[in-house]
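Quick note on labels: first sequence line is chain A, next is B, and so on, each numbered from 1.
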2 protein chains.
Amino acid sequence: METIGQILRNKRQTLGLLLRQVSAYVDIDQAILSKIERNERKPTKEMLDKLAEILKLDKDELLIQFISDKIAYEIVDEDCASKVLKVAEKKIKYLKSHPIQN
Amino acid sequence: METIGQILRNKRQTLGLLLRQVSAYVDIDQAILSKIERNERKPTKEMLDKLAEILKLDKDELLIQFISDKIAYEIVDEDCASKVLKVAEKKIKYLKSHPIQN
DNA sequence: TTGTTACTTGACAATAAGTGTCAAATATAG
DNA sequence: CTATATTTGACACTTATTGTCAAGTAACAA
């Protein structure tokens, strides 16, 4: 089970790219990319898109990993975590089928 | 499908309690409670516990509603929302079975 | 009308959280 | 040792979130 940071780092190294090269393409400081790869900072969606491009990763898949990472860390310490996910799913379905309100 | 705010407001009114009374018990400004009930602000866990007490709601159930609300609103706009939840669940199971790292 | 009660709203300051930049500190390899 | 790659931490800056407060609306009674 890889974190988003691990995915990015692994793929970058597989492709033989340097932090400097990738960060230049994404147009961020390489310190930031270093932190993203170690899950110390979170990428924005723009960064994710650019990263997916240069690292030849599937954009949607990367986004899914990113968001699910965030959620997982948000609730992993709750002992009701799996119940939370079930209820959240119901709420989302409800919200999607009742698009106007709020 | 009720939001956390609706749950709190409904139960308070059922019990015939005033914002003033409940907010005094929870030890917060009644403006804050008003906003919580309209989902304009999020309660802390301490507030939730106190609210569950005075409103005779199940503490764990309330927490689940609270967190799932947060998550639902976080990802409802993603069209990959349900995939996200599935991946998140896997990640949580993984994290719980590998407790030491990070 | 006038007054009272319950609730809502918005402005405000204080605090916390997140951001990018940079230079110095560590590796890692040649 | 030297050079290159990466990490770290301090810093200033912006953005979010917070509690407090006073003024606002709305409903109703006197």
Side-chain angles (χ1 to χ4, degrees), chain A residues 2-51 54-55 57 62-63 65-78 101-102, chain B residues 2-51 54-55 62-63 65-77 101-102:
Chain A
E2 281 178 306
T3 64
I4 184 95
Q6 289 169 331
I7 292 171
L8 295 171
R9 168 146 301 183
N10 286 345
K11 196 65 194 294
R12 177 175 65 80
Q13 290 177 335
T14 298
L15 295 175
L17 295 170
L18 301 177
L19 275 183
R20 163 165 48 85
Q21 298 172 303
V22 174
S23 63
Y25 183 84
V26 180
D27 194 30
I28 57 176
D29 192 295
Q30 81 168 20
I32 293 179
L33 183 55
S34 169
K35 286 168 186 170
I36 289 173
E37 288 186 346
R38 285 169 298 106
N39 298 301
E40 208 180 294
R41 293 235 181 152
K42 290 171 187 169
T44 64
K45 282 193 184 178
E46 289 72 32
M47 292 178 194
L48 268 188
D49 285 352
K50 285 289 219 173
L51 287 168
I54 192 174
L55 297 178
L57 289 165
L62 199 56
L63 184 60
Q65 291 296 329
F66 171 58
I67 303 176
S68 62
D69 244 44
K70 205 166 53 136
I71 290 176
Y73 278 100
E74 227 174 279
I75 65 175
V76 67
D77 291 329
E78 310 290 342
Q101 64 202 43
N102 206 358
Chain B
E2 284 178 304
T3 64
I4 183 95
Q6 290 169 331
I7 293 171
L8 294 172
R9 169 146 301 186
N10 286 346
K11 197 64 195 295
R12 177 174 65 78
Q13 292 176 335
T14 298
L15 295 176
L17 294 171
L18 302 177
L19 273 183
R20 166 166 44 86
Q21 299 173 305
V22 174
S23 63
Y25 183 84
V26 180
D27 193 28
I28 57 176
D29 192 296
Q30 84 167 16
I32 293 179
L33 183 54
S34 169
K35 286 168 186 168
I36 289 173
E37 287 187 346
R38 284 167 298 106
N39 298 301
E40 208 181 292
R41 293 235 181 151
K42 290 172 188 167
T44 64
K45 283 193 182 176
E46 289 73 31
M47 293 178 194
L48 269 188
D49 285 352
K50 286 289 220 172
L51 287 168
I54 192 174
L55 297 177
L62 199 57
L63 183 62
Q65 292 297 328
F66 172 58
I67 302 176
S68 61
D69 245 43
K70 203 166 55 138
I71 289 176
Y73 278 100
E74 226 175 280
I75 65 175
V76 68
D77 292 330
Q101 65 202 41
N102 206 359

Figure out the CG/P separation between A/L33 and C/dT19, and round it to whole Å.
14 Å
I'd like to know if the side chain of B/D69 pairs up with that of B/T3 as donor and acceptor (distance under 3.5 Å, no hydrogens or angles considered).
no
Could you run down the sub-3.5 Å N/O contacts of the protein with nucleotides 13-16 of chain C?
none

Per-nucleotide protein contact along nucleotides 20-30 of chain D, 5' to 3', at a 4.0 Å heavy-atom cut-off (B base, S sugar-phosphate only, - neither), is BB---------
Could I get the full list of side chain to side chain donor-acceptor pair (under 3.5 Å) partners for A/N10, not counting sequence neighbours?
A/E2
Only counting residues at least two apart or in another chain, list the ones meeting salt bridge (charged side-chain N to carboxylate O under 4.0 Å, His left out) with A/K70.
B/E74
Rounded off to whole Å, could you give me the CD-to-P distance for the B/Q30 and C/dT9 pair?
13 Å
Can you tell if the side chain of B/K42 reaches within under 4.5 Å of the side chain of B/I36, non-hydrogen atoms only?
no
Need the bend value for the helix from C/dT1-D/dA30 to C/dG30-D/dC1: angle between end axes, 5 pairs each end, nearest 10°.
10°
Answer yes or no: does a side-chain N or O of A/R38 lie under 4.0 Å from OP1 or OP2 of D/dT8?
yes
Can you tell me the distance, in whole Å, between the CZ atom of B/R9 and the P atom of C/dA6?
14 Å
Sorted by first residue and then second, give each side-chain hydrogen bond (donor to acceptor under 3.5 Å, both in side chains) pair with at least one member in residues 27-38 of chain A; sequence neighbours left out.
A/R9-A/E37, A/R12-A/E37, A/S34-A/R38, A/R38-A/E40
Atom pair CD1 (B/I75) and CD1 (A/I71), whose distance is rounded to the nearest 0.5 Å
4.0 Å
Kindly indicate whether the side chain of A/L62, heavy atoms from C-beta on, has any atom under 4.5 Å from the side chain of A/L55.
no
Provide, to the nearest angstrom, the distance between the CD atom belonging to A/E40 and the P atom belonging to D/dT7.
10 Å
Side-chain N or O of A/S34 versus OP1/OP2 of D/dT7: is the shortest distance under 4.0 Å?
yes
So how far is it from B/Q65 CD to B/L8 CG, rounded to the nearest 0.5 Å?
10.0 Å
Those residues that, when tested against A/K45, pass side chain to side chain donor-acceptor pair (under 3.5 Å) (two or more places apart)
B/E78
Near DNA chain D, under 4.0 Å by heavy atom, which residues of residues 12-25 of chain A?
A/R12, A/L18, A/L19, A/R20
Value in whole Å for how far the C1' atom of D/dT6 lies from CD1 of A/I36:
15 Å
Close side-chain approach of A/V26 and A/I32, heavy atoms under 4.5 Å
no
Results of side-chain contact (heavy atoms from CB on, under 4.5 Å) for B/I54 - residues two or more places apart only:
B/L17, B/V22, B/Y25
Go through D/dG19, D/dT6, D/dT8 for me and flag the one nearest to the B/M47 side chain.
D/dG19
What pairs with A/Q13 under side chain to side chain donor-acceptor pair (under 3.5 Å), at least two apart in sequence or on another chain?
none
For B/E46, give me all partners under side chain to side chain donor-acceptor pair (under 3.5 Å), at least two apart in sequence or on another chain.
B/T44
